[in-house]
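Here's the structure, in structure tokens; my notes come after.
Counting convention: from 1, in listed order, for ligands and their atoms alike. These values consider heavy atoms only, across backbone and side chains, with no hydrogens, waters or symmetry-generated copies. Owing to the predicted nature of the structure, the values given are computational and were not obtained by experimental measurement.
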Amino acid sequence: MSEHIAKLIIDNITYELPIIKGTSDDRAIDIQQLLKKTGLITLDSGYMNTGACTSSITYLDGKKGILNYRGYPIEDLAENCTFTEVAYLIIHGELPTSEAMESFKHDMVRFALLHEDMIHFFDSYPSTASPMSILSTTVNALHNYYPEMDDADDPYGGYTATAARLLSKTRTIAAFSYKKSVGHPLVYPSPKLDYCSNFLNMMFDRPNLPYEIMPEVVSALNKLLILHADHEQNCSTSTVRLVGSSGANLYASISAGVSALWGPMHGGANQAVIEMLENIYADDKDFEKYLAKAKDKNDPYRLTGFGHRVYKTFDPRARIIKEACDKIFEQLNVVDPLLDIAKELEERVSNDEYFLKRNLYPNVDFYSGIIYRAMGIPTNMFPVMFALGRMPGWIAQWTEMKEDRSRIGRPRQIYTGHAEREFVAMKDRY
Ligand code: SDX
């Protein structure tokens with residue numbers, strides 16, 4: 001892939017480093033031989049300028065607001081596919097034939113249950129336990145009950161089954177954690193329902209109050225999960241790759257990814273957005289107060305749901321989600337003052353020099369929580385919804401890292417502590 005050469009002059013010596021080019025216009029200076037050639041490393045806190053790998057799964061262009069999964073624009077996939085279909089695409093690299101889809105759906109049904117011993121896990125968590133904490137710990141525990149899932153060539157049909165098992169069981173874990181938190185009896189997955197309908201039914205069906213599965217809600221949930229399905233080397237995906245690069249199993253790697261996603265700077269932002277909108281609403285809609293806080297360098301407060309490491313324009317996912325918001329609110333005849341607050345906040349931000357100068361636009365987390373609210377999903381489960389959506393991406397990225405036989409990830413540092421010094425015994429320290 002080497003197209004050109006970069007020249008680096010250090011101590012009057014010129015070094016040549018290859019420039020590699022990806023499928024589109026993305027290019028990189030390949031520094032894999034830098035230390036060997038020059039004795040120097042690079043320093044890049046937060047990896048703002050550093051590519052960790054090559055990948056054929058997702059392409060995004062932050063300037064143009066483009067996001068493609070395996071070459072397909074998310075706009076087309078969100079409009080025409082189900083989440084399970086897109087999960088298959090991301091994991092296998094091709095859209096499924098109807099036969100392959102039926103087999104994948106069958107695997108999702110086959111593997112939807114949790115080992116009955118695992119149900120006791122939910123009895124041990126307090127009802128106030130964070131659903132992300134439950135998801136991360138319970139996913140890790142899957143290894144003890146399904147060790148064959150670590151082996152992509154397992155007797156149950158290899159990698160496809162492994163992925164289907166993880167996609168299906170995490171959905172069950174999420175719904176069970178909710179039922180336990182509200183003290184309702186668990187609703188088991190139904191073999192007659194598709195991925196999203198099953199999740200909604202497991203979440204909201206009750207013996208005394210049957211849940212009506214509405215096509216509009218199922219369609220909106222499919223769209224939301226599709227839009228979260230992968231996003232190249234973000235914090236949590238990089239975590240999954242890094243943990244997996246040590247040889248840790250798929251569950252442990254994804255459990256670590258769930259933990260990374262939990263942070264309010266990442267997947268926890270969708271929950272933080274709702275809390276921010278509620279605060280603005282409760283604070284007599286004092287938008288200017290919150291905008292001033294977000295711009296005040298002495299205040300750590302940030303306008304959550306805005307800004308992105310890569311997108312310097314409207315996050316293409318946020319655009320689709322905002323449209324879906326309007327549609328589902330109309331279909332369900334829902335009124336939520338937070339949607340109006342969100343739209344007014346977006347409007348004010350879009351006219352504010354501070355945000356425009358820094359290319360701060362709504363990201364995927366800004367409107368997603370408002371739709372989850374309309375579905376009746378509790379705010380503290382919003383990061384879990386993000387994790388369910390991101391599951392195919394994490395599985396595919398982990399597998400690609402394995403197939404590429406990636407070395408163990410081990411960044412270096414520049415040491416700024418004490419120079420070597422003489423040891424002083426305790427009795428001589430004053
Ligand atoms: C996700 O990476 C991915 O792909 C993630 C994700 C995915 O699909 O996996 O897209 C999902 O995590 C979306 C982001 C969700 N997080 C939030 O909404 C939290 C709020 N946003 C920020 O904290 C921030 O924008 C980040 C974390 C998203 C990005 O941070 P960067 O790239 O490190 O940007 P930065 O901190 O260098 O900010 C640049 C400037 C700074 O000001 P100056 O120092 O230049 O004066 O913009 C300011 C920042 O202070 N800034 C904000 C801001 N975000 C950045 N100021 C106010 N409010 C904000 N939200």
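A heavy-atom cutoff of 4.0 Å around ligand 1 is satisfied by the protein residues H231, N234, P264, M265, H266, A269, A294, K297, R302, L303, T304, G305, F306, G307, H308, R309, R317, Y354, R358, L360, N363, D365, F386, R390.
Ion pairing between K343 and D326 holds under the 4.0 Å rule for side-chain N and carboxylate O. A salt bridge is absent between K327 and E216: the closest approach of a Lys/Arg side-chain nitrogen to an acidic carboxylate oxygen does not fall below 4.0 angstrom.
In this structure, R358 satisfies the cation-pi test against Y354, with its NZ or CZ atom closer than 6.0 Å to the six-membered ring centre and inside 45 degrees of the ring normal. Annotation: cation-pi geometry satisfied between K293 and Y301 (NZ/CZ under 6.0 angstrom from ring centroid, within 45° of ring axis). Under the 6.0 Å distance and 45° angle rule, K169 does not count as a cation-pi partner of Y251.
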Please tabulate, for side-chain N and O atoms in residues 315-325, each donor-acceptor pair with protein atoms closer than 3.5 Å (sequence neighbours left out).
from, atom 1, to, atom 2, distance (Å)
D315, OD1, R317, N, 2.9
D315, OD1, R317, NE, 2.9
D315, OD2, R317, NE, 3.3
D315, OD2, R317, NH2, 2.7
D315, OD2, V364, N, 3.0
R317, NH2, H231, NE2, 3.4
K322, NZ, E346, OE1, 3.0
K322, NZ, E346, OE2, 3.3

